[in-house]
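Please read the structure below before turning to the comments.
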4 protein chains.
Amino acid sequence: MHGALNQLPEVPVLVADGVITDPESAKGRLLAASASLFKQKGFARTTVRDIAAEVGILSGSIFHHFPNKESILLAVMSEAISLALARMHKAVEGEQDVVKKFRALVRCELEAIHGFTGVGFTLLSSEWRYLSETSQKEVLKLRDEYESFHRNVYAEAKAQGLIKVEPFFLRHFLRGALAETGHWFHLDGNYSLDELVEQVCLTAALPK
Amino acid sequence: MHGALNQLPEVPVLVADGVITDPESAKGRLLAASASLFKQKGFARTTVRDIAAEVGILSGSIFHHFPNKESILLAVMSEAISLALARMHKAVEGEQDVVKKFRALVRCELEAIHGFTGVGFTLLSSEWRYLSETSQKEVLKLRDEYESFHRNVYAEAKAQGLIKVEPFFLRHFLRGALAETGHWFHLDGNYSLDELVEQVCLTAALPK
Amino acid sequence: MHGALNQLPEVPVLVADGVITDPESAKGRLLAASASLFKQKGFARTTVRDIAAEVGILSGSIFHHFPNKESILLAVMSEAISLALARMHKAVEGEQDVVKKFRALVRCELEAIHGFTGVGFTLLSSEWRYLSETSQKEVLKLRDEYESFHRNVYAEAKAQGLIKVEPFFLRHFLRGALAETGHWFHLDGNYSLDELVEQVCLTAALPK
Amino acid sequence: MHGALNQLPEVPVLVADGVITDPESAKGRLLAASASLFKQKGFARTTVRDIAAEVGILSGSIFHHFPNKESILLAVMSEAISLALARMHKAVEGEQDVVKKFRALVRCELEAIHGFTGVGFTLLSSEWRYLSETSQKEVLKLRDEYESFHRNVYAEAKAQGLIKVEPFFLRHFLRGALAETGHWFHLDGNYSLDELVEQVCLTAALPK
DNA sequence: TATGAATGAGGTTTCATTCAT
DNA sequence: CATGAATGAAACCTCATTCAT
């Protein structure tokens, strides 16, 4: 999946813009390895020695790049959300049709969850509590931006009579439902990502 | 919320049937305290000293009731699912109307998540990875029973043309959406549990 | 020297009064060993493993008695000064002659420095900087009590025309001179403690 | 205080004679910064990164000037004592009056302690134990020269009946008393250096 | 059953030192 | 000479678990 990330055409642009750390730099490789391990074993069970071993350095060297273990989690999380934000904006750019925007958002979030934009997005919820309060606030700013963008599109859909549920509820339901796909849906399984998007829209009774 | 649990009329029955540990026994109080702490701080960050302090004993004494820390988590989880199963069966008992059964299942799961049946249900997903493989298999049996019951009701609804999405997908979506309510919905907030159930059904475009 | 401490007749009284920790208890042995090592190698160079090895336990066990390494230093220091205070009061109790009081104070401080009352007194100056600010304030209260007692006796001597120098200066000079004996004077060497006291008084031109 | 050091007229001479390192050279600035930090925080708590930051270089660069951290301490110490020796010889040069020589020595030592000759002299006692045995021996040669010079002047005073205490004891007492001034006396406080010298002589009952 | 001192493995972090650039 | 990433040993500290009382 890391490989996939590097091959995405927009990555160099995002690196240049400072959205994310260069995945080929030492720090970038550290982040990718950490994200992957945090996802596999959880933050608490992942030791800095594990991370170092994954990258091929010694544990002490990690602290050249990050002041402590928690700051790695913080970096993984804020890069994940920054990347998701950037890709989300690009995905709906210029689109007027609300249904298409809705589908784009769903697809974008699923891509974020399933690693098209690098691991890390799922950690936002599963490892949230391991972030210090200060760090939580920092990430919360980005999350709020992301969430309100979603809610606004849902509100448009509601205004056009395309859905009946309140945007506030719908966003919470969808976030949960999509995050959960991280636990059961596999890209290389029986269903494609597009079929998954389709089932989500079907559930919400959204017209094509 | 613990108090609420104890006041539920069916608790003595469930205790007598061996479904759950007597919440007034030493072991029961240990489980309740553990569940609450695991939910608050996560399994990994909760120390056996924390648990002992919450119950008012010393850390060493815990090991007279449980062989190790993980077995506490296992007990919390299997009691949570057993309780949820028992209450679920009771809730749909004798009911023929599929829509009513669907609503009952949703309500039941929300009650489990929000503590009507004691804390612990949320932990099933959030702390799942801290269970050893052996323990996971043990709990999985109960979860499978629970999950397939849900899927069967959804399949009925599909057969009657009430919903369009595949039961398999719907169950996964719903599980995620409902579990997520644990992070944003509060019983003492602006909305009642019934309103929440209503919004869930609205989202799935389910007729009344 | 530890042995000497235990044989002092007043020790049981002081332990009973809560002035010092029982030197035969686990905590007391830990303190004695720590004080001795801190004196030998300095606080920074003494590892908790060193201390544990000296006492015959494992390093982790130390933290059953003290929350961290610094708190051991704090305890060593406050016990040292508390003990010195107690013995000082006893030494001048009922004495009216200023010259005799002066000699008693000098002797008392030398005894504290050279271990008659347990190691630790010298550390008060040499390892002072390793104490956190909070801990410094705590110990400072005791030190102030000790220092002002000395200054008061010197002021009496000045008032009686026995010395010419200001008490403020004299106390600072004496503290330095006596502390320094810790680096060159040895009880088992060529001179006795009484001869040392005599030389101090000679230097200050104090009549017999 | 560093500024003051550089302005002293004899510094260029001493640099030219190889007594001390040029305080404007890279090595000299490194020594000054180290001495200052060692005094503030102690040798053990001062990191090479601290020193490097103070000088404005990176930690790795330090090792182009010194083979290891301890050698910095050694250099600071031997320069301190060399400088003190040079200034001491100059101060008593041609002086016949023992009382005046005594005063000159006291003043000289106080100047060394309070920074007229650059920080570092106090470290000789406080950080002594952090020197390896080999280094201790090296500095000891210089210290012995310094100490015996003092003792000889005291012996002269004793021979002339000006003091009563043994030179051996007096030197130890004075060293301690003067070193201690580093902890409480401040040049910019209520008393001048000359008043301090006066109080020292008063204490030792030395005639004017 | 409860206690609490002790264990001991393992965690995060620090830091002097090295070395290719 | 300077850099700064990397090293690797060792530091402090945590904590589930044991066991004699």
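By convention in this document, chain letters (A, B, ...) are assigned in the order of the sequence lines, proteins followed by strands, and residues within each chain are numbered from 1.
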Minimum heavy-atom distance between D:Val48 and D:Phe63, given as atom pair plus value: CG1-CZ, 4.2 Å
Residues in side-chain contact (heavy atoms from CB on, under 4.5 Å) contact with A:Glu138, at least two apart in sequence or another chain: A:Leu74
Reported CG-to-OG distance for the pair D:Leu31 and D:Ser36, which is rounded to 0.5 angstrom: 12.0 Å
Rounded distance (nearest 0.5 Å) linking atom CD1 of A:Ile57 with atom NE2 of A:His64: 10.0 Å
Atom-pair distance (CZ on C:Arg45; P on F:dC12), nearest Å: 13 Å
D:Phe63 CZ to E:dT17 C1', straight-line distance once rounded to whole Å: 5 Å
Interface residues of residues 66-78 of chain D with DNA chain F (non-hydrogen, below 4.0 angstrom): none
Partners passing ring pair (Phe, Tyr, Trp, His ring centres under 6.0 Å) against D:Tyr130 (at least two apart in sequence or in another chain): D:Phe43
Whether [X] side chain and [Y] backbone form a donor-acceptor pair below 3.5 Å:
X       : Y        : answer
A:Arg45 : A:Gln40  : no
A:Glu70 : A:Ser132 : yes
C:Ser34 : C:Leu30  : yes
A:Arg29 : A:Glu54  : no

Axis-to-axis angle between the two ends of the helix from E:dA2-F:dT21 to E:dT21-F:dA2 (five base pairs per end, rounded to 10 degrees): 10°
Nucleotide-resolved protein contact map, nucleotides 4-9 of chain F, B/S/- at heavy-atom distance under 4.0 Å: BBBBB-
Touch class at under 4.0 angstrom, heavy-atom based, for A:Ser25 against every strand present: nothing
Side chain to side chain donor-acceptor pair (under 3.5 Å) partners of B:Lys41, counting only residues at least two apart: B:Asp50
